[in-house]
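Just below is one structure, and these are the notes that go with it.
Below, chains carry the letters A, B, ... as their sequence lines are ordered, and counting in each starts from 1. Only this structure's heavy atoms are used, side chains among them; waters, hydrogens and symmetry mates stay out.
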Amino acid sequence: MPNSRSILITAAAVLLAAGAAQALAALACTPSGGAPPPTSPEASPPVAGADPHPQTGWRSLDVRDARHVLDRFSFGPRSGEPEALASAGLEPWLSEQLALPTPPDAALEAALEPHREGTLPAVELVQRWLGPDALAVPLERGELEHALRPHFREHLAHLAGAELGRHILSHQQLREVMVDFWSNHFNVYAPKGVIALFVGDYVEQVLRPLALGRFEDLLIATARHPAMLIYLDNASNSSKAGANENYARELLELHTLGVAGGYTQGDVADVARILTGWSVTRPGQRRVGTERPFEFVFRKGRHDPAAKQVLGLSFPPGGGEEEGLRLLRFLAAQPATARHLATKLCARFVADAAPASCVRAAEHAYLESDGSLQAVLTAILHEQSFWSEGVRARKLKTPLEFVVSALRAVDAHPDATPRLTQALRRLGEPLFEESIPTGYPESEAAWASSGGFMNRMNFATALASGRLEGVQIELPRTLPEDDALGLVAHGNRAFLSNGASQQTLAAIAAGLQQQARPERRRTLAAALFLGSPEFQSQ
Amino acid sequence: MTAQPSLGPISRRKLLLGGGMACLSFSSWGAEAPAVLSGAARPGPLVCLFLRGAADGLSLVVPYADSEYYTARPKLAIAPPGRPGGAMDLDGRFGLHPRLGPLLPAYRAGELAIVHAVGSPHATRSHFEAQDYMQTATPGVVRQDGWLSRCLSAQPDPAAGAGSLRAVALGQEPPLALRGHPGVLSAPRLQKFGLHAPGPLRDDLQAAFEQMYAPPPLTRASSSTSRDSLAVGAGALAAARRLRDLDLAGYAPDHDAVYPKPTQALSEVAALIKAGVGLELAWLDIGGWDTHQNQGGADSGRLAKLLDPWANGLAAFRADLGERFADVLVLVMTEFGRTVRENGSGGTDHGHGSVMFLFGGRVRGGSVYGRFPGLSPAALWEERDLAVTTDFRDVYSEVARRQLGLTELSSILPGYAPGPALGLFST
C-alpha cells in the first residue's frame, strides 16, 4: 500500500499539473509557508477577540467567529448561516435564540407529525396500545410492563425521531442544544421498566419548555416527573419499607452540588428521608379522590415526618410535601450547585477542560441572576475564553452533534419514518438509552474510538450518496458546482467556513480527480468533507 | 452510587507514557499476589463472552448433591447424573447441563475451570445496573470507563497508528467494559469493518481519508484538528485495510471445526488469533438469558436452545485453535443469577449468585472453584437467591495478572481489596 506521504506528493503533482496548486493554497486555512490566513472577501476586518462595539457592547463577527458561535450554540450551521450571522451581528441572533415564548413553527410541527405518538401522555399511550379499558382493571406492575413491552421498540424510535427532527429543523437551536444538555444532566433510561411511557412527556413538558428558564424550576419539575421518580427509584422511597437513597444521592452528586460539593452521607440519608412519599400513581391501586394513574403523588403515609438536617439547614418535624420543595430550592441556590453547573456548561460550550475564567463568569452570572440559564449562557458567550483561538474547532463532536450537524450542513429533511435513529445507534448514542445516571459523556476521551471514527466516515458516505435511511437530501443545492476545484472550494466554504487544512483539501482534490462522472464527484466531495477530521470537531 | 463523571483528556502520547510507566512499576504487587512472584505473565488473548440477561447458574452448573435444589425446582431442575436428561458429573457435587456436554472433555483435560456462587457484592437486581458494574468493575460506583479499557491503557499499543487490532467488540458499539479507550474496534462482524460503498468509490474514499487522517509533520501540529483525533481516524483506516487483507469472509477453520451459525463471530476471533495480529481482547455479547418464562430443562425450553450452539461453538473454537489455544482465555460471565425457586410461569426471576467459566490453555481446570453456600433456606441471600461467596473481581484480578500480564491493579480495580487467591491459573 502506498504510504500517505507519497499520496500527498502525488496529489500535489496532480494539482500542479492542473495548474491548481496556487488556488489550493489560497483555499487552505493554514498555508504551509506560515503566511497569515487569507481574509475571505465577506469577512469584516476585525478578527476574533476584537474590542466590543462601543454602543452595543457586542463584538463584531467575521465568518469564522460566526461559525464558532453556530458550532457551539447551535447544532451546527445550515448552508449560508455563518455568513448571515456575521452580517446581522450577534445580539439579534442571541435575542431570537433566547426568545420566550417559543415562536410557532408550522413547518417543524408538520415534519414531526409522523412521530406524534412518541410524545403522547402515558395514559393515552396505554389506551392506544392495550385498549380504552386497559387501565380500568387492576394490574400488577409486572403484568402491565409485559403487555406494554412489545410496543416500546417502535415507540422509542418515534421518540428519538421527534427529538432528532427538532434538533435538525428547529430555529430555536440554542434551546435544542440545551435540551440535549439537560437530557444528559437529568438522564433517564427509557428501557428500564415502563419509563418509555413517560419520556416523551418528560422531554416535551419539562426539559424543552424549561431548558432556558431558571434552574430551580427545571430541578423541581424533574424531581416530580414519573420518568425520574421511577428511574432513580424514588417512586419506592418510603418510610415504611426503609428509605431508598438512589435519587437522593444522584440529586446531590449529579444534579446539584457535584461530587465535591461538600455533602456527607448523613446529608444523603436526610435528603432521602425528606423525599419519602414522593411517588407515582399506578393503575389498579385504590384511588384517592380523583387520582389518575401515572402522575406524581405525595403519599403522606409513606413520608417520614421526623426532623431532618441537610448541609446545616434544619427541616422541622411535619414538613410534609412542602419540605421537599424547600430542599430543592435550597439546593438550586447553593454556590456548589452554581460551580457544578458552570463547570459542566463551560465544558459543553468552550472546552472539555473547562477554562477557569469561564467557570468563574458562569458561576457569577448564576448566583447574581437567581439561577437564570439565559444569564449563564450569555455570560459564557461573552467570556474571552470562548473566543480564544485555542478552543476553536478543537472539540470533538459527540455522535449526536456529528449526525445533526452533518444533516444540517446538507439541509437534509427527515422523512416520515423513524429510521434515522438507527444511524445514531450505530454511532453509540441512541437517545434515551444511556443506562447510567451521568448521561452520555461530553469529552473527547469518551468518544474517540477507532470503531466510532469508521462509523462516522460511513455515515458521511451514506448521507452524501443518498443512502441514509430516514432523510432526504438534494446535494446539488448545497454544492451546485461539479468540477473538482469548484467542489473543493465550495465544500470548504459550505461545510467548514474555509477551515479545512491544506492536507485535507489536497486529499479531497486528489480524490475528485479520480472521478470522471460529475454526480459521483459531488457525492465524493460531500462524503469526504463530512467525514474529514475537521468536520468531526467543532 | 458515587459517580466519576469525567475522564481526563487522554492523548495517545500520554497513554504511551503511562503504559511505559506501568510496565516498570513492579513494586506494588508482591503483598497481594504471591502466585506471581516469579514475575509478570506473558500477555495472551482474552475473549469475553457476556451472557446478557442473567444466566441461571443453577441450571448451567447443577448442584445435584443439594436436595434443596430439587425441592425448589420441581419442574425445572436438571436431574442428577445417570438419570435420563441428567447432568454430566464434574466432581461428585456438581454436574454440567447436558447441553454443555461438548465442554466436558475440556473440563476433564484441565482447560475449563468453573467458579460457582460468584457475583457482585452490590445488591442490585436491575440488569442494567449489574451489567454496568460488572463492566466497570466498580460495584456501586458509576464510571464512564470500562475495566478492560483501563487494562488496555496500562500497556502501550505495539501497533499504535498502524491499525491496531488489539481490542475488538463483536457488536454495533463497544460495550461499557471497553469504553474510554481509543483503540477499540467494534462491528457486528469484523469482515464488515471498513468503508461501505460500491467498489471503486470505496477505494477512492479509503485513499482520500487515509491522506486526510495521516498525522501531519510536527511542524504543522498546531493546525486546527486535534492530533489525537487524527491518530484515531488513521488507526481505524489502517485496521480496515488489515482486516480486508486478512479476508475473514474466506476463513476456513482448522481441524474440521464447525461453528454453529449464532457463533460465527467466534470464528473471526480465532482467525485474528491465528493471524498473529496482536489481538489482546475480544468481546462478544450473547442475549436471551432472562428466562422468566419457559426456561425449560435438559432438552427443551429457552435455556437448552441457547446453550446448544454456544457449547458447540466454544468446542469448535478450541479445536480450531489447536496449539494456539495454549495462550488463550475465554471468560464467560453474566450479571447475576436467578431465583433458586422456580416461578409460576415455568421460569426463574432475578437472583444474585451465578457462575463464571474460564476456558483456556493457562487455567487450572477440572475443578469447580469457590465456596458453594448451599440452597437451604438459611443459606439463601435475602431468603431467595444463591448467596455470592466469590466477588467477581477476585476472578478479574487473577485474569488481569495471569492472562493480561498486568502487575499494578490499583487503577484497574479501584476500591477493590483483594480476597484470598482462587488459584485459577496453572502457568
Can you tell me if CZ on B/Arg341 sees more than 12 non-hydrogen neighbours from other groups inside 6.0 Å?
no
Surrounding CD of B/Glu382 (heavy atoms of other residues, nucleotides or ligands, distance under 6.0 Å), is the total greater than 12?
yes
Using non-hydrogen atoms and a 4.5 Å limit, figure out which bit of A/Arg467 sits close to chain B: side chain, backbone, both or neither.
side chain
Less than 4.5 Å to any heavy atom of chain A: does that hold for the side chain of B/Gln206, its backbone, both, or neither?
neither
Sort A/Thr461 into side chain, backbone, both or neither according to what part of it lies under 4.5 angstrom from a heavy atom of chain B.
side chain
CG of B/Leu178 to OG of A/Ser449, rounded to nearest 0.5 Å, is 10.0 Å
Pick from A/Arg426, A/Gln515, A/Met457: which one has the most heavy-atom pairs with chain B under 4.5 Å?
A/Met457
From CD (A/Glu442) to CD (B/Gln144), nearest 0.5 Å
10.5 Å
Find out whether A/Ile508 and B/Met212 are in side-chain contact, i.e. whether some heavy atom of one side chain is under 4.5 Å from a heavy atom of the other.
yes
Would you call the rings of A/Phe453 and B/Tyr213 parallel, tilted or perpendicular, where under 30° means parallel and over 60° means perpendicular?
perpendicular
To the nearest 0.5 Å, atom CD1 of A/Ile436 lies from atom OG1 of B/Thr136 at 8.5 Å
Are any non-hydrogen side-chain atoms of A/Met454 and B/Leu237 less than 4.5 angstrom apart?
yes
Under a 4.5 Å heavy-atom cut-off, does chain B meet the side chain of A/Gln538, its backbone, both or neither?
neither
Heavy-atom pairs under 4.5 Å with chain A: which of B/Leu205, B/Val168, B/Leu201 has the most?
B/Leu205
For the CG atom of B/Asp132 and the CD atom of A/Glu434, what is their distance to the nearest 0.5 Å?
7.5 Å
For A/Pro441 against B/Arg179, the heavy-atom pair lying closest together:
CD-NH1, 4.4 Å
Which of A/Gly193, A/Gly390, A/Ser435 touches chain B most, by non-hydrogen pairs under 4.5 Å:
A/Ser435
Give the minimum heavy-atom separation between B/Ala208 and A/Ala507, together with the two atoms involved.
O-CB, 3.5 Å
Reported OG1-to-CD distance for the pair A/Thr504 and B/Gln211, which is rounded to 0.5 angstrom:
9.0 Å
Which donor-acceptor pairs under 3.5 Å do side chains of residues 183-199 of chain B form with protein atoms, sequence neighbours excluded?
{"from": "B/Gln191", "atom 1": "NE2", "to": "B/Glu268", "atom 2": "OE2", "distance (Å)": "3.1"}
{"from": "B/His196", "atom 1": "NE2", "to": "B/Lys192", "atom 2": "O", "distance (Å)": "2.7"}
{"from": "B/His196", "atom 1": "NE2", "to": "B/Gly194", "atom 2": "O", "distance (Å)": "3.4"}

If you look at every heavy atom in A/Ser450 and B/Ala236, which pair is closest and at what distance?
O-CB, 3.3 Å
Answer with side chain, backbone, both or neither: which region of A/Leu528 has an atom nearer than 4.5 Å to a non-hydrogen atom of chain B?
both
